[in-house]
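First comes the structure, then the notes that go with it.
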Amino acid sequence: MLTLKQIRENPEEVIKRLRIKNFDASDLIHQVLEADTERRRIQTETDARQADLNLKSKEIGALLQQQKVEEANHARQEVAALKEDLKQLNQELHRLENKLNELLVLIPNLPHSSVPPGKGAPDNVEVRHGGAIPELNDQALPHWDLGTKYGLIDFDLGNKLTGAGFPVFTGKGAKLVRALIGFFLDEAEKEGYREVLPPLMVNEASAYGTGQLPDKEGQMYQLATDPYYLIPTAEVPVTNIYRDVILDAGELPVKNTAYTPCFRREAGSYGKDVRGLNRVHQFDKVEIVQIQHPDKSYDTLEEMVSHVEQLVMKLGLPYRILQLCGGDLSFTSALTYDFEVYAAAQKKWLEVSSVSNFESYQANRLRLRYREPGSKKTLLAHTLNGSALALPRIIAALLENNQTPEGIKIPEALVPYTHYKTIP
RNA sequence: GGAGAAAUGGCAGAGUGGUCGAAUGCGGCGGUCUUGAAAACCGUUGUCCGCUUAUCGGCGGACCGGGGGUUCGAAUCCCUCUUUCUCCGCCA
């Protein structure tokens, strides 16, 4: 969430910048300012009363030690009214703190100054593209048919075992998944990321820390028996490693990578672009996460984009990089680049990665801070993450683009992991 | 799942109702000494919020796993939750 300081110091600027996200914050911001002023007034009052009470208590203690029981009892009676006041004040303080927090959580992150205005996907701006779009003949099959034809993916079986959106990979298909995971992790490791294998369920505090709660509750699967959520992305556990942590500036950047399955309910997206692997409820993804100094976080964002770009290039997939417009930017992001690869049989661009700088928005919720050498002051760090990469759509594009009469060709970079060159 | 023990500052570890933000040790930082380093010695050492301050800072409040309670006063007593350890059961 935004810091109170940001809002207090420049409320009009905050409102103005959130308009780029098509978010009208004026009402919320004014409520925040009001609650904040009131909270500070009450706290000053509460602190003063508490100080009085503390003093009185010490006096009573001293009197009792001097055996002045009479006077002590008298003082005790005096304190009763003070305590009553204090109780009221504390309740009010709690109420205001809660209200303030509830309001702050409803305000999205500010978009970076470079974010173009716009309502949705059509307004995203292409940054660059690469790779050649293959020419396929009329007999070219979409990946869901290829998956069945070569015995790689069984959608019906997934339906039987679980339900729609839970494909089963079999044979060389399963091996391909494992190969991609290994490849992506190795590439990340070469770039200095530490590998983490986190829990696939998180508690409420973690879901809250990265902003899944309270905003996107409907996106996550929640357990019926325990207060845990299945992770929608490795970002959640991996970023939350640093919840309530104070780092030394010298430790930055902190680079972690993780492979995890991801679970998404995708409520409300039925019927649109959901065929085959285009949109599923469980999928595999390698995520890269960095914690960086605020002065360097945008350099880091570019570095992460170029890492992802290397991956799609090595896989030989035609891709384009888009900068998301205000309307398409997520609640918590300040700047996001989406990667799309072209699936030549469907003739569609599929999103395979989203690389974002959250600046201090997540860090504020996480209480993730850093300290400059020799300084006592703690400052909010910046967090960034990106998919590197999400598997299903990569597989869709690989299958479709590389289909030949002899079978499906595997990109050179992947062969050391698949140990086969073709799926005949 | 059952029985018992425990959770204190970066770490270790005292503290069972008042003068405890908390002894002591280690670590960290600053200094003395030294050609330099080590050792020794001296000093210092948490986080958050509010008020005040041009700044350094000053003052107040909160925090001893989380939440609630008793009391004029709680690290200390009570309730509850979480976690850890030991034993038993079950189990990959």
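Quick note on labels: first sequence line is chain A, next is B, and so on, each numbered from 1. Nothing here was measured: the structure is a model prediction, and the numbers come from that model.
Rounding to whole angstrom units, CD of residue A/Glu251 and C1' of B/G28 are separated by 14 Å. With rounding to whole Å, A/Leu64 atom CG is found 12 Å from B/G17 atom C1'. Atom NZ in A/Lys87 sits roughly 16 Å away from atom C1' in B/C72 (whole-Å rounding). Atom CG in A/Asn73 sits about 13 Å away from atom C1' in B/U71, given to the nearest Å.
Comparing B/U45 with B/G10, their C1' atoms are spaced 11 Å from each other, to the whole Å. Comparing the same atom, P, in B/C87 and in B/G27 gives a spacing of 34 Å after rounding to whole Å. A distance of about 33 Å separates the C1' atoms of B/G21 and B/G4, rounded to the whole Å. A distance of about 36 Å separates the C1' atoms of B/G58 and B/A40, rounded to the whole Å. Taking atom P in both B/G43 and B/G50, the straight-line distance is 35 Å, to the nearest Å. Of the P atoms belonging to B/U24 and B/C81, the separation is 38 Å, rounded to the nearest Å. On the P atoms, B/A75 is 9 Å away from B/U19, given to the nearest whole Å. With both ends at atom P, the span from B/G9 to B/C88 equals 32 Å, rounded to whole Å.
Along RNA chain B, the nucleotide nearest A/Ile60 and the nucleotide nearest A/His94 are compared for position; the residue whose nucleotide lies closer to the 5' end is A/His94.
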Legend entry - Base versus backbone protein contacts along nucleotides 43-66 of chain B [heavy-atom cut-off under 4.0 Å; B, S, -]: ----SSBSS--------BSS----
Legend entry - Contact pattern, 5' to 3', of nucleotides 74-84 of chain B - B, S or - by protein heavy atom under 4.0 Å: -----------
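Of the nucleotides present, none pairs with B/C64 by Watson-Crick or G-U wobble criteria with both distances under 3.5 Å. Applying the Watson-Crick and G-U wobble criteria (two distances, each under 3.5 Å), B/C72 pairs with B/G18. Pair assignment for B/G27 gives B/U45, based on Watson-Crick or G-U wobble hydrogen-bonding distances that are each under 3.5 Å. For B/U83, the paired nucleotide is B/A6, the pair qualifying as Watson-Crick or G-U wobble because both relevant distances are below 3.5 Å. Pair assignment for B/U32: B/A40, on the basis of Watson-Crick or G-U wobble contacts that are both within less than 3.5 Å. Base pairing annotation: B/C59 forms a Watson-Crick or G-U wobble pair with B/G50, both donor-acceptor distances under 3.5 Å.
Within the 6.0 Å centre-distance limit, the rings of A/Tyr370 and A/His293 are counted as a close aromatic pair.
Across all strands, A/Leu82 comes closer than 4.0 Å to no nucleic acid atom at all (heavy-atom distances).
Summarising the geometry of A/Val14 relative to A/Gln6, their closest heavy-atom pair is CG2-O, 3.9 Å, with the distance given to 0.1 Å.
Residue pairs satisfying the side chain to side chain donor-acceptor pair (under 3.5 Å) criterion with at least one member in residues 165-186 of chain A, sequence neighbours excluded, are listed as follows: A/Asp186-A/Tyr417. Annotation: side chain to side chain donor-acceptor pair (under 3.5 Å) contacts involving residues 110-119 of chain A, sequence neighbours excluded, comprise A/His112-A/Ser114, A/Ser114-A/Gln323.
Contacts of A/Lys255 classified as side chain to side chain donor-acceptor pair (under 3.5 Å), with partners at least two apart in sequence or in another chain: A/Glu303. Under the side chain to side chain donor-acceptor pair (under 3.5 Å) criterion, A/Arg367 pairs with A/Asp244, not counting sequence neighbours.
A cation-pi contact links A/Arg365 to A/Tyr208, judged by a cut-off of 6.0 Å to the six-membered ring centre and 45° from its axis.
In summary, of the residues considered (A/Leu100, A/Leu96, A/Ile7), a side chain to side chain contact (heavy atoms under 4.5 Å, CB included) with A/Asp36 occurs for A/Leu100 alone.
Ion pairing of A/Glu45 with A/Arg49 is present here, as a side-chain N (NZ or NE/NH1/NH2) and a carboxylate O approach within less than 4.0 Å.
Classified by interplanar angle (parallel below 30°, tilted 30° to 60°, perpendicular above 60°), the ring pair A/Phe166/A/His281 is tilted.
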